[in-house]
**Q** 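Once you've had a glance at the structure underneath, I'll fire off some questions.
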Amino acid sequence: MVGEDQEVQLQIISQEAKEENLLDSTNGNNQSNSQHRSYVWWLQLATYTFFLLAGQSAAMVLGRLYFDKGGKSKWMATFAQGAGFPVLIPCYYFAHKTADIAEDFHRTPPSTLVLLSIFLVIGILQAAVSMLYSLGLLYLPVSTYSLICASQLAFNAFFSFLLNAQKFTPFIINSLVLLAISSILLVFQSESTDSTEVSKRKYAIGFLCTVAASAGYGLILSLTQLAFQKVLKHENLKAVLDMIVYPSLVATCAALVGLFASGEWKGLEGEMEGFELGKLPYLMTLIWTAIGWQIFNIGCVAIISEVSSLFSNVISTLGLPIVPVLAVFIFHDKLDGLKAMSMVLAIWGFVSYIYQHYLDDLGSKKDEKKVNEVPNNSPSRTSTNE
């Protein structure tokens with residue numbers, strides 16, 4: 001009997017050892033897969049960030065170059081901000097190649113009417129915001145314009161709180177306050193306004209239009225995130241392309257209507273003839289402006305689908321100080337003390353938000369580690385030993 005009891009105990013110990021090895025192997029594989037996904041995710045995020053920053057900086061500088069060298073049509077500048085969407089159509093081929101078939105099979109797609117409503121609303125808002133941004137670029141130095149755009153983060157935070165259930169922490173609040181102050185400081189700067197009343201009026205119009213455009217842009221980002229959360233309910237390449245191409249198509253059509261209704265189309269030939277850099281540079285400026293905004297859209301919408309609209313806007317705000325630096329060399333804008341202080345506050349606000357995101361990521365990793373850990377005195381083992 002004693003020998004049989006010892007044999008049974010040895011079998012139990014052997015079985016427990018096998019279970020421990022299996023659990024350790026499973027946990028190790030889960031942690032390895034989690035780390036791999038984390039690396040891939042950060043690499044994707046870095047790529048999207050590069051697209052956003054590169055596209056935004058290039059489009060802003062070229063947009064100002066259009067007005068600076070003789071361009072006068074506000075509707076043409078508005079048209080260029082959305083007309084580059086055809087360059088993204090070939091990407092649908094890769095979207096179908098990488099689509100998650102199982103996910104699409106089990107997911108009930110939204111109705112065509114709902115999708116059309118989303119694309120129409122966002123597209124019309126995009127056209128209005130593009131027009132306001134064009135007025136801002138027309139009447140303001142590009143450095144001042146880009147720094148005022150930092151206010152879009154505060155507007156986006158407000159709409160994210162209402163529409164996306166965005167939680168606010170002391171670091172996020174600090175970020176929003178700093179970025180708001182960095183934009184407000186530019187109200188007191190007097191560059192590019194001479195003694196005439198007309199120039200002061202145009203500066204005021206440019207400032208108000210840019211602030212209004214920033215508010216509209218913040219609303220667009222929050223609505224895009226809401227569409228991903230409540231309607232599309234998945235984040236793949238096709239969904240990202242749909243949220244760029246179709247609203248851009250609507251915005252482009254709206255800009256064309258405005259271009260012909262306003263009569264500005266009649267002066268485009270003379271505008272091309274009088275462009276300081278020549279006819280070909282005139283066309284290339286508009287074409288690359290359009291492409292730049294679409295590169296920006298890829299990064300912006302992809303970050304919204306992966307993280308949030310507020311995070312996408314924070315990355316966009318990071319790129320705003322790049323434009324004033326470029327403007328100093330390209331357009332010979334003055335970088336005075338007030339602008340420098342505004343840039344420092346904008347960067348400080350960005351760092352504050354990134355630090356909060358770092359804390360959130362650190363906390364999620366700790367929670368995941370606790371879930372993967374299996375206690376040695378689990379109920380199953382206790383009952384077995386008994």
Side-chain angles (χ1 to χ4, degrees), residues 55-57 59-68 71-85 120-159 179-180 182-184 186-187 192-193 199-224 244 247-262 264 286 289-290 292-294 296-297 300 309 312-313 316-317 319-320 323-324 327:
Q56 175 181 259
S57 300
M60 280 188 175
V61 170
L62 290 173
R64 180 58 198 175
L65 182 68
Y66 166 76
F67 289 118
D68 196 58
K72 299 176 182 178
S73 175
K74 298 179 289 294
W75 281 109
M76 175 55 71
T78 303
F79 173 79
Q81 293 184 43
F85 69 89
L120 281 173
V121 169
I122 295 180
I124 292 173
L125 280 174
Q126 184 177 320
V129 167
S130 297
M131 181 59 178
L132 291 171
Y133 274 138
S134 297
L135 287 170
L137 270 175
L138 175 62
Y139 294 136
L140 296 176
V142 68
S143 53
T144 303
Y145 163 84
S146 63
L147 290 173
I148 293 175
C149 287
S151 64
Q152 67 194 26
L153 188 59
F155 291 112
N156 185 211
F158 173 73
F159 291 121
L179 288 162
S182 73
S183 179
I184 293 172
L186 296 174
V187 177
S192 82
T193 60
S199 62
K200 291 181 180 179
R201 181 175 62 86
K202 288 182 177 180
Y203 182 89
I205 291 174
F207 179 85
L208 292 175
C209 287
T210 306
V211 172
S214 298
Y217 179 71
L219 176 60
I220 289 174
L221 293 184
S222 294
L223 289 176
T224 301
I244 297 173
S248 294
L249 174 61
V250 174
T252 302
C253 293
L256 278 176
V257 171
L259 181 64
F260 284 97
S262 65
E264 288 187 359
L286 291 174
T289 299
W293 281 121
Q294 294 309 312
F296 163 81
N297 285 334
C300 177
S309 63
S312 176
N313 214 335
S316 178
T317 305
L320 294 179
V323 180

**Q** Just wondering, do Met76 and Glu264 contact through their side chains at under 4.5 Å, heavy atoms?
**A** no
**Q** Hey, what do you get for CG (Leu249) to CD1 (Ile244), rounding to the nearest 0.5 Å?
**A** 13.5 Å
**Q** Quick one: closest heavy-atom pair of Gly206 and Thr210, and the distance?
**A** O-OG1, 2.7 Å
**Q** Okay, side chain of Tyr66, backbone of Ser73: is any donor-acceptor separation there less than 3.5 Å?
**A**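 Flag set: sc Tyr66 to bb Ser73 pair under 3.5 Å.
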**Q** What's the separation between atom CZ in Arg64 and atom CG in Leu140, rounded to the nearest 0.5 Å?
**A** 8.0 Å
**Q** Please report the interatomic distance CD(Gln294) to CZ(Phe85), rounded to the nearest 0.5 Å.
**A**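 Going from the CD atom of Gln294 to the CZ atom of Phe85 covers 8.0 Å.
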**Q** How far does CZ of Phe155 sit from OG of Ser222, to the nearest 0.5 angstrom?
**A**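 Phe155 CZ to Ser222 OG: 12.0 Å, rounded to 0.5 Å.
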**Q** Just to verify, what does Ser134 make a side-chain hydrogen bond (donor to acceptor under 3.5 Å, both in side chains) with, not counting sequence neighbours?
**A** Thr78, Gln81
**Q** Enter the distance from Trp293:CH2 to Ser130:OG here, rounded to the nearest 0.5 Å.
**A** 8.0 Å
**Q** Phe158: what forms a side chain to side chain contact (heavy atoms under 4.5 Å, CB included) with it, not counting sequence neighbours?
**A** Leu162
**Q** Would you compute the distance between atom CD1 of Ile220 and atom CD1 of Ile124 and round it to the nearest 0.5 angstrom?
**A**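 That separation rounds to 11.0 Å.
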**Q** Quick one: closest heavy-atom pair of Ala83 and Ala290, and the distance?
**A** C-CB, 4.4 Å
**Q** Is any side-chain heavy atom of Ser312 less than 4.5 Å from a side-chain heavy atom of Asn156?
**A** no
**Q** Is there a side-chain contact (heavy atoms from CB on, under 4.5 Å) between Tyr133 and Ser214? Walk through the geometry before answering.
**A** CA-CA 8 Å; Tyr133 274 138; Ser214 298; 3.9 Å; yes
**Q** Could you report the tightest heavy-atom contact between Val129 and Tyr217, atom names first, then the distance?
**A** CG2-N, 3.8 Å
**Q** Identify the two heavy atoms, one from Leu138 and one from Phe67, that lie closest to each other, and give their separation to 0.1 Å.
**A** CD1-CD2, 3.4 Å
**Q** Please verify the inter-ring angle class for Phe207 with Tyr203; under 30° counts as parallel, over 60° as perpendicular, anything in between as tilted.
**A** parallel
**Q** Do the side chains of Leu259 and Phe79 get nearer than 4.5 Å, heavy atoms only?
**A** no
**Q** If I compare all heavy atoms of Gln126 with all of Ala251, which pair ends up nearest, and what's the gap?
**A** NE2-CB, 3.9 Å
**Q** Specify the closest pair of heavy atoms between Cys209 and Leu135, including all atoms of both residues, with the distance to one decimal.
**A**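 Nearest heavy atoms, Cys209 then Leu135: SG-CD1, 3.7 Å.
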